[in-house]
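The chains referred to below are lettered A, B, ... by the order of the sequence lines, with proteins before strands, and numbering in each begins at 1. Remember, it's a predicted structure, so these values are computed and weren't measured experimentally.
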Amino acid sequence: MSESPLLFVRDLDAFYGDFQALFGLSMEVRAGEAVAVIGANGAGKSTLLKSIAGLLPARPDAIDFDGAHIGGMPAHAVAARGIALVPEGRGLFASLSVEENLLIGGQLKRPGPWSLQRIYELFPALGERRHFPSTALSGGQQQMVAISRGLMSNPKLLLCDEISLGLAPIIVRDIYARLPAILGEGISLVLVEQDIVQALKATQRVYCLQEGRVALSGAAKELTREAIAAAYFGV
Amino acid sequence: MTDWINVILQGVLVGGLYAMFAAGLSLIFGVMRLVNIAHGDLIVLAAYVALVTTEALGIGPLVSLIIVVPLMAVIGYALQRLILNRTLGEDLLPPLLVTFGLSVIIQNGLLALFTADSRKLQAGDIEVATFKLLEGVYVGILPLLQFAVAIAVIAALQFVFYRTALGRAFRATADSPPVAQLMGLDNRHVFGLAMALSLAVVAIAGVFLAIRADFDPSIGPARLIFGFEAVIIGGLGSMWGTFAGGIVLGVAQAIGAHINPGWQILAGHIAFLIILAVRPEGLFPRIRA
């Protein structure tokens, strides 16, 4: 008997009003696994994460997490079950300090390894600036706050939407260098990325989306550049 | 000279009451961008709740706060969860229309239950007790108590907003409702708590209003205007600014009334318009704690 996956997305459709963004999409994430979701702009990557996190409506049985149907559950209830989304563009609370942002992330009080102290060990720059307004930080540091805020809820599954967006390559490398420490705590990870090289290095499996469907999936090491290019651009 | 000291002192002390009218209004607008047109009528509703409580239990109005404050908070939470949450969205108009309707309903409901007769809460000897501050300058104990309570209310709100988990939740939800939900905050509940807190302050304001002067079901809208003016004079988003706004309004009205009793309200509006023209962002806009 094989172990059932932590997250199982089954035949998911998603809509913005009349516009359909996802078409019968299926994917899975096993416990402790890091999965990349790549694809061109508008392929449906962010939509997929928003659907999982409960920000978009979905059929109840379209998303299973930790043995329960969570499709269409309100976002706060999904968060309480152990899914944290690091939203695209970071979405920091501008009127809160760095530490207050982290405390809001931890307000569910789920037990686990992450605390303010652990976060400040992982990202010392944040500890030094804990009382700064979150908007006074550099882009890279703001992204660290966004990731840390997600970790503070001690999730079983962390969803990261384009953490490299708008950041200098050296900063992106710096942030990606901390991912092993995060994954070492047994958390599962879904990385939505435009930066394919980083995404493939950091994960075990990849889904490539194209126009709201899975165009290609497989082990990160086994996919060839040509196959990814074909799935990416649909040529 | 002592004449003017008296006038300004009375104005300052009444300003505390106006600051309490304004604080709940400012809190709700800050957290959920809801302009509560029924705010003044809710103040009057609290006064009637206190009237019924004092008459039924035979207790003084100040003691009745123990009952009126939690009761109004519960009414606020229920109002938000059952009605007002449904009106919130991108559009500012639906909550405006619904609270306007609520204002009409409260006024006419009170009229049907209590008639248009003027009522007043009797607080006993404390109402007329005074002490001599200077030669010819006397301060009423009750206005002074009201002013002290106003300071305590503003300080408490400031503390809740900037020093507690609840305040963090208020500010986070105000910044971005969807991201707040991702953190496990249920917006509907957070908004309910904000309205509960707002109506708890309304309850205190309503009781002091009703001890100070006669009230009847129709006086709510004018309290709403005073509240609005105090918020705008003080600057949006700052509790102590709102407090200062209340005092400016109170002093302006007192000066107006001293020159000519018919000018009391007019003088308040003129002060408001002058500040709006000279400093449209208010006296103390958005000071971070």
Side-chain angles (χ1 to χ4, degrees), chain A residues 46 49-56 73-110 131-136 142 145-155 157-161, chain B residues 26-33 77 80-81 85-86 88-91 157-194 235-242 281 284-289:
Chain A
S46 293
L49 293 195
K50 281 184 193 163
S51 300
I52 296 170
L55 290 177
L56 289 173
M73 248 185 208
H76 64 89
V78 173
R81 283 174 173 272
I83 296 181
L85 170 61
V86 180
E88 185 177 0
R90 306 186 277 266
L92 295 186
F93 299 114
S95 50
L96 272 60
S97 70
V98 169
E99 186 155 294
E100 285 178 322
N101 267 278
L102 299 178
L103 288 171
I104 281 282
Q107 62 95 28
L108 282 167
K109 300 200 164 40
R110 289 171 50 86
H131 297 305
F132 283 36
S134 55
T135 45
Q142 287 189 27
V145 176
I147 295 169
S148 304
R149 187 180 61 180
L151 288 175
M152 281 293 286
S153 68
N154 282 300
L157 175 64
L158 185 69
L159 311 172
C160 292
D161 199 349
Chain B
S26 152
L27 173 85
I28 289 306
F29 183 78
V31 173
M32 58 184 109
R33 296 283 172 272
Y77 187 85
Q80 187 66 36
R81 289 302 296 256
N85 272 343
R86 294 165 207 271
L88 295 175
E90 293 296 303
D91 194 352
L157 286 177
Q158 186 80 11
F159 179 82
V160 167
F161 233 69
Y162 290 103
R163 295 278 178 272
T164 67
L166 180 64
R168 260 198 319 267
F170 284 159
R171 285 180 291 142
T173 308
D175 277 351
S176 169
V179 182
Q181 285 195 288
L182 290 175
M183 305 298 130
L185 292 169
D186 183 351
N187 292 352
R188 295 164 303 175
H189 179 61
V190 172
F191 290 159
L193 292 177
L236 276 174
S238 158
M239 283 293 168
W240 288 114
T242 298
E281 72 277 21
F284 307 98
R286 194 79 204 147
I287 301 164
R288 270 199 63 93

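- Of the atoms belonging to A/Leu55, it is side-chain heavy atoms, and not backbone ones, that fall under 4.5 Å from chain B.
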Side chain to side chain contact (heavy atoms under 4.5 Å, CB included) between A/Arg149 and B/Val179, worked out: CA-CA 11 Å; A/Arg149 187 180 61 180; B/Val179 182; 3.5 Å; yes
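- For the atom pair CG of A/Leu103 and CE of B/Met183, the computed distance is 12.5 Å after rounding to the nearest 0.5 Å.
- Each of B/Arg168, B/Arg163, B/Arg171 was evaluated against A/Glu100; a single residue qualifies, B/Arg171, per the salt bridge (charged side-chain N to carboxylate O under 4.0 Å, His left out) test.
- With A/Gln107 contributing its side chain and B/Ala169 its backbone, the two residues share no donor-acceptor pair below 3.5 Å.
- Within 6.0 Å of the CZ atom in A/Arg81, the count of heavy atoms belonging to other residues, nucleotides or ligands does not exceed 12.
- Separating the NE2 atom in B/His189 from the NE2 atom in A/His76 is a distance of 10.0 Å, to the nearest 0.5 Å.
- Atom OG of residue A/Ser153 and atom CG of residue B/Leu182 lie 10.0 Å apart, to the nearest 0.5 angstrom.
- Proximity to chain A is absent for every atom of B/Ala165, based on heavy atoms less than 4.5 angstrom apart.
- For the pair B/Leu185/A/Ile104, a side-chain contact is recorded, criterion being any heavy-atom separation below 4.5 Å from C-beta on.
- One distance of note links OG of A/Ser95 with OH of B/Tyr162; it measures 7.5 Å at 0.5 Å rounding.
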